[in-house]
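Atoms within a ligand are numbered from 1 in the order they appear, just like the ligands themselves. Sequential numbering from 1 along the given sequence is applied to the chain's residues.
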Amino acid sequence: MSSEVYDCIVIGAGIQGSCTAYHLAQKNQKTLLLEQFVLPHSRGSSHGQTRIIRKAYDEDFYIRMMEESYELWAQLEREAGVKLFSRTGLLVMGPEDGKKFQLLKASLQRNKVPSTVLERHEFSQHIPNVNLAAGDGALVDTTAGVLYADRALRAAQMVFQAHGGVIKDGQKVVNVQPGTVVTVTTGSDVYTARSVVITAGPWANTVLSHTGLELPLRVVKVNVCYWKEKVPGTYSISRHFPCFIQLNPKEAEHDIYGLPSNEYPGLMKVCYHMGSVTDPDERDRQPDRVEVVGRYIRRCFPGLVPEPAVVEGCLYTGTPDRNFVLDRHPTFRNIVIGAGFSGHGFKFGPVVGKVLCELAMGQVPSYDLSPFSIQRFQDHQKSAL
Ligand SMILES: Cc1cc2nc3c(=O)[nH]c(=O)nc-3n(C[C@H](O)[C@H](O)[C@H](O)COP(=O)(O)OP(=O)(O)OC[C@H]3O[C@@H](n4cnc5c(N)ncnc54)[C@H](O)[C@@H]3O)c2cc1C
């Protein structure tokens, strides 16, 4: 057992845990970041080269958090000396009279997010090689772009270490014993800290089970598919092709999204925003669900070969309302939880890290965290009775 008592132990070195650890170390908190796998790894939710960053949200609270998140990403870029963001804009297409499209359009206007509505007659002039479906409207969030995810994760961990933080990887947490000083046991050692932050992604409930808490989380495996451009460069980042979200595609129940070709030259990433429920340790046994995206590509992206060239796996950990969990443990107030990022949490990494750091230090959080409370699940259960 290590005799040193840390100010904080963060469990899970995905983007949320790494950003939390970085904020804690910046505030001179003696911090240990524990990770079950040897870093870097591709078994959780934060691996892969790219993620979409955007302000286009229906909810004002997400837009407010994103305002700060952009600033904090830029600060991390400066501190780490690496490029983490490319601005491309985000094209949103969806049934023009549909609720989702209208809510988003109104939210962008209300929050004065720089954006442009594209009328049908001008669409192909701005966005060539995409068929806008009949009845669909289109708008562009011009603040949006691509975050370089693997690089961002490495940057957060590097800056954390530069501030004196300690990372121990290959150390799976097998027990968390609450108390004024929390005892965290891994397969090979025992550590103690005045507070603990649990950011274990798809394994959140496994780690929380040691504290008697279970959250309504659902883990799904998502197929990350790359599609070959018939003419290389048609949808490339260097030609300023934007990221996109297709709301309510007629092929499927959930949205489809894509990012311009970049990390694998000549291949564009287009994915279905849902997958099959899985145990995170068994994810590679799940059947693939790529044919939905293939049918959509055949209809709307004539410049792509409608068979995936590359398929990678990733996990979403969803809550029933798709809002995150950012809260203290209901019984043990020095245990803080960041979970349920529901397939859209990466872009918030630095601001989530800031808020979890504030909770771990017993400070008043910078944002109203009621949309992210654990209590909301209990309130919902009661109202459903
Ligand atoms: C295909 C895909 C596309 C996405 N696209 C976007 C996007 O465009 N924009 C966006 O904003 N977000 C996106 N997301 C969501 C985003 O990537 C996730 O919300 C985010 O990465 C979640 O990070 P996390 O730190 O909570 O989880 P993880 O990255 O899974 O980190 C949790 C870590 O905890 C570790 N751990 C678990 N149990 C233990 C234990 N017992 N002991 C020690 N360590 C443990 C795990 O090994 C893991 O490293 C996407 C996700 C996927 C899968």
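- Ranking protein heavy atoms by distance to atom 25 (O) of ligand 1, first place goes to Q16 N, 3.2 Å.
- Under a 4.0 angstrom heavy-atom cut-off, P202 registers as being in contact with ligand 1.
- Using a 4.0 Å cut-off between heavy atoms, L315 contacts ligand 1 through its backbone alone, with no side-chain atom that close.
- Assignment of F348 to the shell around ligand 1 is not supported, since no heavy atom sits closer than 4.0 Å.
- For Y235 and F244, the ring centers sit 6.0 Å or farther from each other.
- Within a 6.0 Å radius of CZ in R299, other residues, nucleotides and ligands contribute more than 12 heavy atoms.
- With a 6.0 Å cutoff to the six-membered ring centre and a 45° limit on the axis angle, K55 counts as a cation-pi contact of Y70.
- At the top of the distance list for atom 12 (N) of ligand 1, counting protein heavy atoms only, stands F346 N, 3.2 Å.
- Counted within 6.0 Å of NZ on K172, heavy atoms from surrounding residues, nucleotides or ligands total 12 or fewer; the atom is thus considered open.
- The shortest contact between atom 39 (C) of ligand 1 and any protein heavy atom is with Q36 CD, 3.8 Å.
- Summarising the geometry, atom CD belonging to E59 is positioned 9.0 Å from atom CG belonging to D321; distances are rounded to the nearest 0.5 Å.
- Of the protein's non-hydrogen atoms, Y316 CE2, 3.5 Å is the one closest to atom 51 (C) of ligand 1.
- In this structure, atom 48 (C) of ligand 1 lies nearest to the protein heavy atom E35 OE1, 3.5 Å.
- Considering both main-chain and side-chain atoms, I52 comes within under 3.5 Å of ligand 1 through a nitrogen or oxygen pair.
- Proximity of a side-chain donor or acceptor of H210 to a complementary backbone N or O of V174 within less than 3.5 Å is detected.
- Judged purely by atom type and a 3.5 angstrom limit, N334 has no side-chain atom pairing as donor or acceptor with the backbone of S195.
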